[in-house]
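The structure appears below as structure tokens.
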Amino acid sequence: MSDTPDIIYTKVDEAPELASHSLLPIISSFAKAADIDVELRNISLAGRVLSQFPDYLTDDQKVSDDLAWLGEIVKKPGANVIKLPNISASVPQLVATIKELQGQGYALPDYPYEPSTDEEKDVRARYDTVKGSAVNPVLREGNSDRRAAKAVKNYAMANPHRMGDWSSDSKTHVASMPGDDFYANETSATISADQTGGAKIVFTAEDGTETVLKDGLSYDEGTVVDATYMSAATLRDFIRKEIDSMEPGVLFSVHLKATMMKVSDPIIFGHFVAVYLEDFISKHGDKLKELGWNPNSGLGDLENRIKGDATLEADYKSVMDAQPPMYMVDSDKGISNLHVSSDVIIDASMPAVIKAGGIGWGPDGEPAPTKCCIPDNCYAPVYDETIEYFKQTGKLDVTTCGAVSNVGLMAQKAEEYGSHPTTFEIPAKGKVEIVLDNGGVLHSHNVDAGDIWRSATAKKAPILDWIQLGIDRTKATGKAAFWLDENRAHDAELIAYVKPVLAEQGIDIPIMAPREATRFTLETMRDGEDCVTITGNVLRDYLTDLFPILELGTSAKMLSIVKLMNGGGLFETGAGGSAPKHVQQLMEENHLRWDSLGEFCALGESFKFLADAQSKASAQVLGEAVEAATQKVLENGNSPERKVGQNDNRTSHYWFARYWAEALAAQSDDAKLAEHFKPVAAAMAEKEAQIIEELMADQGKAVDLGGYYHGDEEKTYAVMRPSATLNAIVD
Ligand SMILES: NC(=O)C1=CN([C@@H]2O[C@H](COP(=O)(O)OP(=O)(O)OC[C@H]3O[C@@H](n4cnc5c(N)ncnc54)[C@H](OP(=O)(O)O)[C@@H]3O)[C@@H](O)[C@H]2O)C=CC1
Ligand SMILES: O=C(O)CCC(=O)C(=O)O
Ligand SMILES: [Mg+2]
């Protein structure tokens with residue numbers, strides 16, 4: 001293992017990992033021709049699980065903790081990491097991974113749902129480090145710049161994807177709490193010189209008993225520290241009222257981010273499940289407890305646990321039948337919105353409803369308008385305003401609309417996405433305080449049993465870096481806005497940072513609350529103008545799915561650059577996920593519709609970054625040739641299509657490799673590389689028909705990968721590299 005490899009590629013999960021089995025051999029081989037080493041590091045869910053349990057495994061089963069290693073690398077100036085999307089696991093996904101690995105002979109302990117012994121508590125703590133968004137916050141030591149490459153945007157405008165029509169009387173709408181949520185209860189402060197140093201979070205019950213919820217916190221000067229809570233009682237009243245006021249023909253849904261907000265949002269999800277099933281739970285509460293069911297784990301887990309108990313099954317069915325129909329994650333498979341919290345991913349689900357024209361799918365498999373519950377008012381106005389806007393103006397014209405890019409405050413676990421260790425479900429009525437070592441109380445809230453209290457921070461250096469990146473991208477783009485709400489406590493502290501910098505640099509960028517900024521951005525893009533959204537961490541996540549899904553059909557095609565605070569580069573491939581549906585299709589009919597455009601874009605940037613960082617001209621040549629190849633894949637229609645028998649991921653990689661080799665052979669900046677790639681390009685062209693035939697030959701048949709979370713490498717390569725002719729040229 002070298003100290004800092006030239007380029008680090010990441011081993012992940014599901015569709016992007018399958019794609020890597022075909023693409024990475026091509027990348028490694030091409031890079032080697034320029035003496036660039038590309039090393040692979042494992043951040044997959046299965047890899048992360050195995051890395052936590054060396055003491056349970058045989059020597060040859062042990063795997064290194066690559067995530068921890070990468071967490072150090074991204075703090076070095078030479079870091080150059082290509083990061084593919086990985087699974088952010090819910091408990092059911094984690095349990096399925098453990099089961100699969102146990103079946104493969106790894107003697108891992110079971111996941112302890114209710115740990116009681118010391119050993120169980122230790123096992124549970126280790127599994128918890130793997131859960132939820134465990135990877136991205138570790139690697140994201142920089143702020144984020146997400147946009148569509150020009151070629152990608154032009155292609156989307158020339159080849160518009162399908163968009164559903166909006167009607168002005170659509171019943172689709174957003175519902176949020178009337179107050180007492182994170183938005184309303186937030187307090188925020190910027191740490192002054194006399195407040196720096198240690199701090200703790202203390203809960204004081206009504207009888208005066210103190211419990212330290214978290215000790216050992218430490219704040220630097222200039223850090224923005226927030227604290228807030230959501231009232232469980234108000235949340236439950238809100239859910240009940242929304243269920244009771246459902247209009248016929250409308251689907252019920254909740255949209256959260258249980259993966260990223262891995263402590264708070266599964267609890268909120270659990271309240272939805274509990275209220276939806278209130279009658280059932282009040283009748284069978286004891287029995288359900290005995291079966292080990294917790295509402296936070298959803299209806300999927302409930303259905304498994306009551307299987308075979310005729311009374312429970314019948315009562316469950318009648319309670320479900322009496323409730324309003326639910327918005328489905330997968331109506332074919334009967335997977336509802338309340339099945340498992342990891343399926344409730346607001347950044348993906350809300351854009352899908354909006355792109356379809358305000359449509360979700362019901363239990364009967366039919367499209368219908370949807371009530372979208374987004375309890376908290378911090379970001380719900382973005383979706384509410386978007387829906388109202390499209391009701392008023394009709395669907396977006398993809399062929400003429402401008403490009404919306406994002407600059408997001410993300411570095412060093414900024415804002416809510418770094419709040420997991422400081423989020424608590426409150427045990428009883430009392431008071432939560434952040435107590436500073438200097439004796440002062442930074443924040444204080446009166447809370448009730450069940451309330452969800454949390455604190456988040458944003459550090460000074462990342463904030464200043466983010467403001468500058470926002471200014472730079474605004475200058476390169478044209479229009480922009482800072483999405484900050486002067487009436488929200490946290491945002492007011494950020495505005496106090498933003499305004500002096502804008503004044504000092506003599507640049508006028510509007511500062512708008514999320515609702516206003518949403519309208520401004522939608523109007524700007526509809527006018528055909530490009531626009532930058534300069535946002536905090538949560539809106540970075542939400543908007544880089546929302547706008548790309550409207551503009552490009554998917555966020556997988558985004559260019560996602562993270563300029564690391566210490567000088568390195570992290571290149572994320574796309575802004576979307578790992579497309580489980582695509583894996584299913586591959587297993588059933590050997591067609592992989594995953595588009596690697598995000599990987600191509602990240603690869604080009606990574607080579608160009610390497611060229612700058614190490615003054616390596618050949619890397620620049622490789623990077624420019626990647627861009628030329630990407631453009632040709634798009635222009636010539638070589639991207640994957642949806643159906644078996646059509647182009648898929650593997651054929652698109654052949655075309656990408658061929659165009660890449662052709663561009664390298666044709667350039668004159670590096671004669672050695674040109675000579676190397678001339679025969680490669682010629683061989684790929686000459687053998688075109690044979691290669692395509694070999695790549696397509698087995699489409700339509702089911703394939704065996706030897707595992708879902710931890711596939712067999714040999715089997716996966718056999719499926720993903722079926723052309724001996726192409727392999728011979730590449731290798
Ligand atoms: N950066 C990261 O590490 C991220 C990880 N995730 C993780 O990904 C998993 C799945 O997330 P989910 O919300 O279902 O979203 P996905 O983005 O994986 O999938 C949603 C749909 O988007 C389309 N899509 C996504 N990527 C591509 C692509 N490269 N080419 C073509 N179409 C694509 C597909 O539509 P269709 O089926 O119509 O073809 C797909 O079914 C979760 O475990 C989540 O935690 C999510 C976001 C970011
Ligand atoms: O880390 C995750 O769970 C998801 C990340 C994500 O959706 C994003 O960064 O856009
Ligand atoms: Mg996202």
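All residue numbers refer to positions in the sequence shown, counting from 1. Just so it is clear, the model here is predicted, and its values are computed rather than measured. Numbering of ligands and ligand atoms starts at 1, following listing order.
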Determine if the distance from atom 21 (C) of ligand 1 to the closest protein heavy atom is below 4.0 Å. no
Strictly inside 4.0 angstrom of atom 30 (N) of ligand 1, do you find any protein heavy atom? yes
Under 3.5 Å, N or O to N or O, is Glu14 touching ligand 1 that way? no
Has ligand 1 got any nitrogen or oxygen that is less than 3.5 angstrom from a nitrogen or oxygen of Ala348? no
Is ligand 1 under 4.0 Å from a heavy atom in the side chain of [X], in the backbone, in both, or in neither?
| X | result |
| --- | --- |
| Pro85 | both |
| Lys557 | neither |
| Asn136 | side chain |

Tell me whether the rings of Tyr111 and Tyr127 are parallel (<30°), tilted (30 to 60°) or perpendicular (>60°). tilted
Using a 4.0 Å heavy-atom threshold (strictly under), name the region of Ile345 that reaches ligand 2: side chain, backbone, both or neither. neither
Nearest to atom 4 (C) of ligand 2 by heavy atom, Glu572, Lys257, Arg540: which? Lys257
Has ligand 2 got any nitrogen or oxygen that is less than 3.5 angstrom from a nitrogen or oxygen of Thr544? no
Considering both backbone and side-chain atoms of Asn136, is one of its nitrogen or oxygen atoms within less than 3.5 Å of a nitrogen or oxygen in ligand 2? yes
What's the atom name of the N, O or S in Asp347 nearest to the Mg ion (ligand 3)? OD2
